[in-house]
There are 2 protein chains.
Amino acid sequence: MSAARILGAPAGARHDHRHCVGQALAEAERACRQQGLRLTPIRRQVLELIWQDHQPVKAYDLIDALRDRGLRTGPPTVYRALDFLLQAGFIHRLDTVNAFVGCGAHGRPHAGMFLICRACGAVLELDAPSPIRLIGVEADRMGFELVTQAVEILGHCSRCRAAGKAVDARGPAAREPTRPVDPEPA
Amino acid sequence: MSAARILGAPAGARHDHRHCVGQALAEAERACRQQGLRLTPIRRQVLELIWQDHQPVKAYDLIDALRDRGLRTGPPTVYRALDFLLQAGFIHRLDTVNAFVGCGAHGRPHAGMFLICRACGAVLELDAPSPIRLIGVEADRMGFELVTQAVEILGHCSRCRAAGKAVDARGPAAREPTRPVDPEPA
DNA sequence: GCCGAACTGAAACGTTATACCATTACGGCG
DNA sequence: CGCCGTAATGGTATAACGTTTCAGTTCGGC
């Protein structure tokens, strides 16, 4: 079984984050040039803001951030930019938290799975081929044609667990308790 | 490896649906009695409405439906009832479509995975232990404590594929393509 | 320079969810 | 019974999220 690869660095992990941003922007520019897409100033700025860190960013926070930069853009403009970036595969949308994160593996096909920490909000994108492939198998078994999938895991990241923050102030996205998923009668 | 089990019957499948509803309500009543929870009239009606069929139901549709039954309930009342039903495990929330469906396996532990048809909107809940367990393994490998997960598959169900409806009028919840977007040759 | 397509700006609207506060039902207890 | 604490509900307003619409602008190609 192929182990999952980390796509992008976790929040707080030691890394030069300007590198992440620069690389993401450069890759986006390259891809757009190659595919005849237009990375306009607004789209570029939105992408840059989303890459600010590895926290998911909400649409209206983007609007505010753009205003702070002197751009008075309304919701439609930002959502259009987001749509473009989604279509192009530069970012992902996280439905469980209504927010967006940069894609850590543009270009490479990958089986996205997201670990979302309820305590600090950080998101870790994994390329986890094994579970995703199994999901495809199950869908196929039901005669279901898979178009896209959302696999979002909510819990507590290792850093927050270590820091004892796992007490989870009902912060981001409290959901129903998960029924034990016991790895049991198989 | 255990194959996925269907939880609840797919929309349109031949079955006496009153049986589904009756069974779900009876089970909810039983569980509430046993756990000292209160299945109040509003909660009961919301649960009943959600079980109306195997389509996901939206919160504001519930409000309208309740009004049609003579109850003038505001959004908070309905959301409170939904929260209760979620907590109790009687229903699931589908984040990709902002809607709710009845849980086909209350009481039994199960590893929920949802197949959502973009053409007809029907939802099939599978108990798919294998992929879900693998997801847990990957999370664990990252030191991540899993609290709950959302696994929602968007695509086309077998019935719609057979009926040639797979052309997907961008109806429910269009998302980004899984693979990098095709270069538009023009 | 002209044209069409793509992009942007702005206002209004539609949808989803919560804050706030008042009120009512329920259960224990003196 | 009357009191009280907790849970549940009602109702308005508003926050948060997202789309429609349409007019104007920019860009690339001829």
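Residue numbers begin at 1 in each chain, while the letters A, B, ... track the order of the sequences.
- For the pair B:Q45 CD and D:dG10 P, the computed distance is 10 Å after rounding to whole Å.
- Residue B:T40 is in sugar-phosphate contact alone, with no base atom involved, counting any heavy-atom pair closer than 4.0 Å across all strands shown.
- Between A:N98 and D:dG18 there is a side-chain N or O to OP1 or OP2 distance below 4.0 Å.
- Residue whose closest nucleotide on DNA chain C sits further toward the 5' end, between B:A59 and B:R38: B:A59.
- We find the CD-CD1 distance between A:E152 and A:I116 to be 4.5 Å, quoted to the nearest 0.5 Å.
- Atom-to-atom, CZ of B:R72 to C1' of D:dT12 comes out at 13 Å; the value is rounded to the nearest Å.
- Side-chain atoms of A:Y60 come within donor-acceptor range of the base of D:dG18, with a qualifying N/O pair under 3.5 Å.
- Going from atom CG of A:L66 over to atom OG1 of A:T77 covers 9.5 Å, rounded to the nearest 0.5 Å.
- Here the P atom of nucleotide C:dT18 and the NZ atom of A:K58 are 10 Å apart, to the nearest Å.
- Atom CG of B:L62 is separated from atom P of D:dT9 by 14 Å (rounded to the nearest Å).
- Looking at A:D83 and A:R80, no side-chain N of the basic residue comes within less than 4.0 Å of a carboxylate O on the acidic one, giving no salt bridge.
- The nucleotide whose nearest atom lies closest to any side-chain atom of B:T77 is, among C:dG9, C:dC7, D:dT9, D:dT9.
- Separating the CG atom in A:L47 from the CZ atom in A:F100 is a distance of 13.0 Å, to the nearest 0.5 Å.
- For A:R43 and C:dG9, the CZ to P distance is 12 Å, given to the nearest whole Å.
- When distances run from any side-chain atom of A:Y79 to the nucleotides D:dC17, C:dA11, C:dT18, the shortest one goes to D:dC17.
- Scanning atom types as modelled, one donor and one acceptor separated by under 3.5 angstrom connect the side chain of B:R80 and the base of D:dG10.
- For the pair B:D83 CG and C:dA19 P, the interatomic distance rounds to 11 Å; values are reported in whole Å.
- For the pair B:L71 CG and D:dA8 C1', the interatomic distance rounds to 15 Å; values are reported in whole Å.
- In this entry the distance linking CG of B:L37 with C1' of D:dA7 reads 12 Å, nearest Å.
- Annotation: the span from B:I132 atom CD1 to B:Q149 atom CD amounts to 4.5 Å, rounded to 0.5 Å.
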